Amino acid sequence: MLEQLPLYEQAILTLAAMVMFTSFALLAQNRVVPMIHIFAWQGLLVAVTTALVAFDSGKHDLYLSAIMTIALKALFIPWLLHRLVKRLGIDREEHGAEHPATVLMIGAGLVIFCYYVAQPIEQLSASVTRNTIAISMAVVLLGMLMLISRGKAVAQVVGFMSLENGLFFAAVAATHGMPMVVELGVAFDVLVGAVIFGVFFFQIRDSIDSLDVDQLNRLSEQDE
Amino acid sequence: MNDWLLALIEMALFVALAPLFSAWVKRVKCWLQNRRAPSLLQPYRDLRRLFAKQVVLSHNASPVFRATPYIIAGATLLAAAVVPFISVNLPTAAIADVIVLAGFFALARFFQALAGMDVGTAFGGMGSSREMTISALAEPAMLMAVFTLAMVAHSTNLSTVIDYLLAQGLVLRPSLLFALLSLLLVGIAETGRIPVDNPATHLELTMIHEAMILEYSGRHLALIEWAVQLKLLIYGVLIVNIFFPWGIATHNSLHALAVAAGVVFFKLMVLGVLLAVGETVLAKMRLFRVPAFLVLALTLALIGLLSHIILEVG
């Protein structure tokens with residue numbers, strides 16, 4: 001029960017819920033620059049949660065993961081995306097989903113689905129963070145939903161990164177983090193991924209004159 | 001018997017303080033916008049002036065139009081009786097729970113919309129249509145937030161909920177955090193404040209609530225304005241007393257009541273400042289943006305409910 005937990009463990013759960021909320025905010029947001037800001041906040045929240053889990057479990061290498069998350073997900077990648085968006089000149093464009101309310105309701109459905117899927121796993125574990133497994137799975141699936149529901153490349157990249165946040169969060173919640181080597185590798189991959197996406201944006205725009213990847217589905221340039 | 005007297009006094013306090021709260025919000029807003037603020041007694045003077053004035057009715061006004069101000073004022077007054085203001089031990093709160101409270105508001109709104117369409121002016125119908133659109137979206141969000149609260153405290157009765165939250169002390173609950181945010185958004189939409197509606201203008205393109213009461217005058221208008229101020233205060237008291245219940249009187253001694261009155265006064269002042277800052281920082285939304293705003297409120301309440309089930313029960 002929640003009342004019997006110490007205050008910082010309650011804070012872990014509250015922060016986990018806030019991470020899920022940022023995922024919903026990403027789904028609902030249709031302007032690019034606020035979207036990147038929300039993504040940065042999500043990174044920060046994940047990092048603070050990780051630090052609290054480190055404090056709670058006494059695993060000091062998790063502090064390192066938390067610092068890495070702040071540096072990468074809350075500062076560097078948002079900065080990189082921000083700069084790209086400025087240079088592409090799309091910082092005032094709308095990148096929304098076609099039916100935002102429907103997408104939000106599907107998101108709520110996904111959370112319930114995750115709860116049911118994670119329930120048997122949760123019963124095996126005794127740690128405080130066992131309840132956040134469902135939340136982190138929900139963040140992963142909400143990231144996927146964002147990838148599916150958006151047509152524009154930048155929004156898809158933000159969705160992908162937020163999906164990665166969810167995976168990291170799941171690792172922290174379920175097993176108190178992955179081995180350091182794996183974590184460093186993933187962090188490096190994400191970093192490289194962000195840089196490559198940046199190059200890709202320019203390539204896509206040069207070849208189809210837009211960042212709307214739905215246009216890549218068509219074989220000819222004429223509208224049918 | 002003593003309890004009932006206290007309940008009556010509390011209701012009277014509600015009614016008496018409602019214009020003061022509106023005046024306080026207005027005063028803070030004026031300070032923030034570098035204007036000279038009107039006196040805190042100005043809403044009372046306005047009400048007195050309106051009560052003294054003659055009622056002008058259109059020829060084709062039906063009895064519904066004439067009865068509506070009294071129904072609105074009566075329903076809002078009953079709603080005020082249900083909400084614990086300075087003491088939790090209210091016999092009136094034991095009779096009706098928070099769903100009845102939502103029902104009172106719905107009743108008032110229903111008659112308001114009918115009266116808006118009654119005389120047959122273009123503005124009245126437009127205002128009614130907009131009001132119903134917004135409330136149809138706001139009500140599910142409000143009920144969802146209420147259900148979150150009810151699941152946490154295992155009761156829909158406001159006194160019981162506040163008692164429960166007081167008894168458990170300081171517990172960080174994600175569900176209550178999201179319910180609070182959701183209820184704030186719903187409160188803004190339901191009381192017609194910026195960014196949903198602007199209570200200070202009669203600009204035809206944007207007005208919602210004002211459009212419905214354009215045809216009213218004299219004491220009818222005074223009653224409606226008073227009910228609007230009362231509704232704002234009710235939402236304010238709901239928010240501060242449920243989510244920050246510390247200081248409310250749990251037993252009816254004179255000392256506890258005096259302390260509780262001071263504390264709730266202070267909490268409402270802080271809430272008024274927050275509301276004024278919000279209204280100064282934000283611009284009014286386009287009407288077509290309002291559904292998105294309320295979907296956000298609904299999503300917040302839904303996340304609150306889900307996080308209660310996922311994080312707090314297991």
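So that the names make sense, note that chain A is the first sequence line, chain B the second, and so on, each numbered from 1. The structure presented is a predicted model; accordingly, all values stated were derived computationally and were not measured. All heavy atoms count here, side chains included; hydrogens, waters and symmetry mates do not.
- By the neighbour-count criterion of 12 heavy atoms within 6.0 Å, atom CZ of A/Phe113 is sparsely surrounded, having that number or fewer from other residues, nucleotides or ligands.
- Interatomic distance, CD1 of A/Ile112 versus CG of B/Leu305, reported as 8.5 Å (0.5 Å rounding).
- In B/Phe243, the CZ atom is crowded: over 12 heavy atoms of neighbouring residues, nucleotides or ligands sit closer than 6.0 Å.
- The parts of A/Ala11 that come within reach of chain B are both its backbone and its side chain, each placing non-hydrogen atoms under 4.5 angstrom from that chain.
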query = Taking it one step at a time, do A/Val111 and B/Ile310 satisfy side chain to side chain contact (heavy atoms under 4.5 Å, CB included)?
reply = CA-CA 9 Å; A/Val111 177; B/Ile310 295 176; 3.8 Å; yes
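- Atom CE of A/Met18 has 12 or fewer neighbouring heavy atoms from other residues, nucleotides or ligands inside a 6.0 Å radius.
- Summarising the geometry, atom CG belonging to B/Leu311 is positioned 11.0 Å from atom CD1 belonging to A/Ile12; distances are rounded to the nearest 0.5 Å.
- A 6.0 Å sphere centred on CZ of A/Phe160 holds no more than 12 heavy atoms belonging to other residues, nucleotides or ligands.
- A/Asn131 places none of its side-chain heavy atoms less than 4.5 Å from the side chain of B/Glu312.
- Of all the listed residues (B/Leu170, B/Leu306, B/Leu298), the one sharing the greatest number of non-hydrogen pairs under 4.5 Å with chain A is B/Leu306.
- Residues B/Val171 and A/Gln10 meet the side-chain proximity criterion, which asks for heavy atoms closer than 4.5 Å.
- In this structure, A/Leu104 and B/Leu296 have side chains that are not in contact, with every pair of non-hydrogen atoms separated by 4.5 Å or more.
- Contact tally against chain A (heavy-atom pairs below 4.5 Å) for B/Gly169, B/Pro174, B/Pro291, B/Gly304: the top residue is B/Pro174.
- We find the OG1-CE distance between B/Thr299 and A/Met105 to be 4.5 Å, quoted to the nearest 0.5 Å.
- Residues B/Arg173 and A/Leu13 fail the side-chain proximity criterion, which asks for heavy atoms closer than 4.5 Å.
- Considering every non-hydrogen atom in both A/Ala101 and B/Val295, the closest pair reads CB-CG2, 4.2 Å.
- Contact annotation for A/Phe21: both backbone and side-chain heavy atoms come within less than 4.5 Å of a heavy atom of chain B.
- At a threshold of 4.5 Å between non-hydrogen side-chain atoms, the residues B/Ile309 and A/Tyr115 count as touching.
- Applying the 6.0 Å contact sphere to OH of A/Tyr8 captures more than 12 heavy atoms from other residues, nucleotides or ligands.
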